[in-house]
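Below, all heavy atoms of this structure are taken into account, side chains as well, without hydrogens, waters or symmetry copies. In the text below, chain A, chain B and the rest are named by the order of the sequence lines, each starting its count at 1.
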Amino acid sequence: MKKRIILHIDMDYFFAQIEERENPQFKGKPIVVGADPRGGKGRGVVSTANYEARSFGIKSATPISRAFRLCPQAVFLPVNMDFYEKVSLSVFKIVSKKAKKVEKVSLDEAYLDLSDKCRSYKEAEKVGEEIKKEIYKKERLTCTVGIGENKMMAKIACELAKPDGLKVIKPSQTKKIIEEMPLETIPGIGPKTKEAIQKYLKKKNAKIKDARKIKKEKLIDLFGKRGDDFYHKLRGVDNSLVEGERKAKSVGKEHTFQKDTRDPEKIIKVFRRLVGDVYRQAKEEKIKGLVVVCRFEDFETHTKQASFEPGNYKEDFLYKKGVSLLLRFLTRSNKKIRLIGFRVSLPE
DNA sequence: AAGTTCTTATTAC
DNA sequence: CTAACGGTAATAAGAACTT
């Protein structure tokens with residue numbers, strides 16, 4: 001197993017930075033991109049906030065109502081996804097030239113495997129600088145680059161260097177550099193897993209070095225397959241590969257109602273639209289199943305699915321099948337409905 | 001009892 | 001009466017259903 005050099009690139013506060021560029025009059029002010037804090041009685045969350053807004057405690061996924069309370073004077077802008085997608089394409093055009101394999105994580109994030117191209121971390125750092133320069137020249141946007149011996153370490157390096165930074169973590173530094181970091185630094189360890197680990201350790205604010213004391217068998221016992229993964233990641237080991245283009249395994253769409261409802265008219269009207277949108281997005285792909293999602297007023301969420309032989313089913317077929325599943329939720333509960341969703345699964 | 005399929009939980013961006 | 005949480009997708013585990 002030969003050593004690798006992996007680069008992670010992340011655009012800085014991407015959506016908000018684009019808005020700053022497009023609306024220079026807002027520069028220096030707190031900017032929040034996301035749902036309208038007034039419309040729909042404030043359902044929805046923050047998509048991206050610039051650093052000024054973050055200083056008020058606003059971050060991605062903050063409920064928009066709360067963001068408004070924290071900083072009413074902020075500039076609240078709607079998500080202009082079509083435009084961000086265009087900018088993203090332009091960024092990826094630059095990035096894709098820098099490595100054979102580029103794994104796109106999202107509109108604003110990617111991993112590059114530089115193992116073939118670069119024989120040293122110094123060389124990789126040069127590539128990182130080039131990328132930063134070229135993106136800034138073309139798009140007037142800053143990004144941060146992290147470089148490490150695997151995907152996880154590249155991402156951690158990136159996190160440490162934000163914003164507008166570049167950082168290399170050499171293999172010799174890997175183990176030490178993460179030992180004082182909190183558990184959620186490890187990709188895959190979120191709030192629930194962190195809580196479970198801390199409970200086992202009987203320790204609050206546990207750090208990576210604390211969790212290293214847990215035996216591999218115990219982690220597997222607690223978290224199954226992921227436990228083995230965690231054991232290695234806690235020690236800076238991540239053998240996952242930089243993947244090229246990946247095909248979607250499913251496409252779907254959800255809708256949250258402005259007000260919770262049980263009105264079948266309203267519900268079915270929205271559902272009709274969701275099915276149409278999903279159907280068009282799934283285009284020529286064969287379809288092998290569908291899932292209907294229903295979230296009630298109390299946030300309890302249920303799904304119903306149906307599967308069939310992969311084939312080119314008509315929109316009407318999917319719609320009818322979907323509605324019949326959807327209506328069961330109305331029958332089975334008296335609660336109001338907050339959200340409905342429709343998703344189709346595609347063959348490998 | 002094994003092999004699918006369905007449902008929920010968790011994570012990430 | 002005091003404003004709690006989008007949308008999209010992947011993955012894993014366990015339950016439920018088939019054969």
Donor on one side chain, acceptor on other, A:D10 and A:T144, under 3.5 Å:
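The criterion, which ignores hydrogens and geometry beyond distance, is not satisfied for A:T144 and A:D10.
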Under a plain distance cut-off of 3.5 Å, with no hydrogens placed, do A:S240 and A:N150 share a side-chain donor-acceptor pair?
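Short answer, no.
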P gap between B:dA12 and C:dA4, integer Å
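Going atom to atom, P in each nucleotide, I get 25 Å.
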Please list every donor-acceptor pair under 3.5 Å in which a side-chain atom of residues 275-291 of chain A meets a protein atom from a residue at least two apart or in another chain.
residue : atom : partner : partner atom : Å
A:D277  : OD1  : A:R280  : NH2          : 3.0
A:Y279  : OH   : A:Y313  : O            : 3.4

Which Ile, Leu, Val, Met, Phe, Trp or Tyr residues join A:I6 in one cluster when any pair of side-chain heavy atoms under 4.5 Å counts as a link?
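When side chains under 4.5 Å apart are linked, the cluster holding A:I6 also contains A:V105, A:Y111, A:V242.
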Nucleic acid footprint by protein, nucleotides 10-19 of chain C - heavy-atom cut-off 4.0 Å, B for base, S for sugar-phosphate alone
SSSS------
Positional range of nucleotides in DNA chain B within the contact set of chain A, heavy-atom, under 4.0 Å
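Listed 5' to 3', the contact boundaries are B:dT5 to B:dC13.
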With rounding to the nearest 0.5 Å, note down the distance linking OH in A:Y51 to CD1 in A:I31.
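The distance works out to 13.5 Å.
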Involving DNA chain B, stems made of at least three consecutive Watson-Crick or G-U pairs, both distances under 3.5 Å
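The stems that DNA chain B takes part in, listed by first number, are B:1-13 with C:7-19.
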Integer-rounded Å distance: C:dA3 P and A:Q258 CD
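About 19 Å, once rounded to whole Å.
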Which part of the nucleic acid does A:F68 contact within heavy-atom distance under 4.0 Å: base, sugar-phosphate only, or nothing?
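If one applies the 4.0 Å heavy-atom cut-off, A:F68 turns out to touch nothing in the nucleic acid.
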Taking only residues two or more places apart in sequence or in another chain, which ones pass ring pair (Phe, Tyr, Trp, His ring centres under 6.0 Å) with A:F14?
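Ring pair (Phe, Tyr, Trp, His ring centres under 6.0 Å) list for A:F14, sorted by chain: empty.
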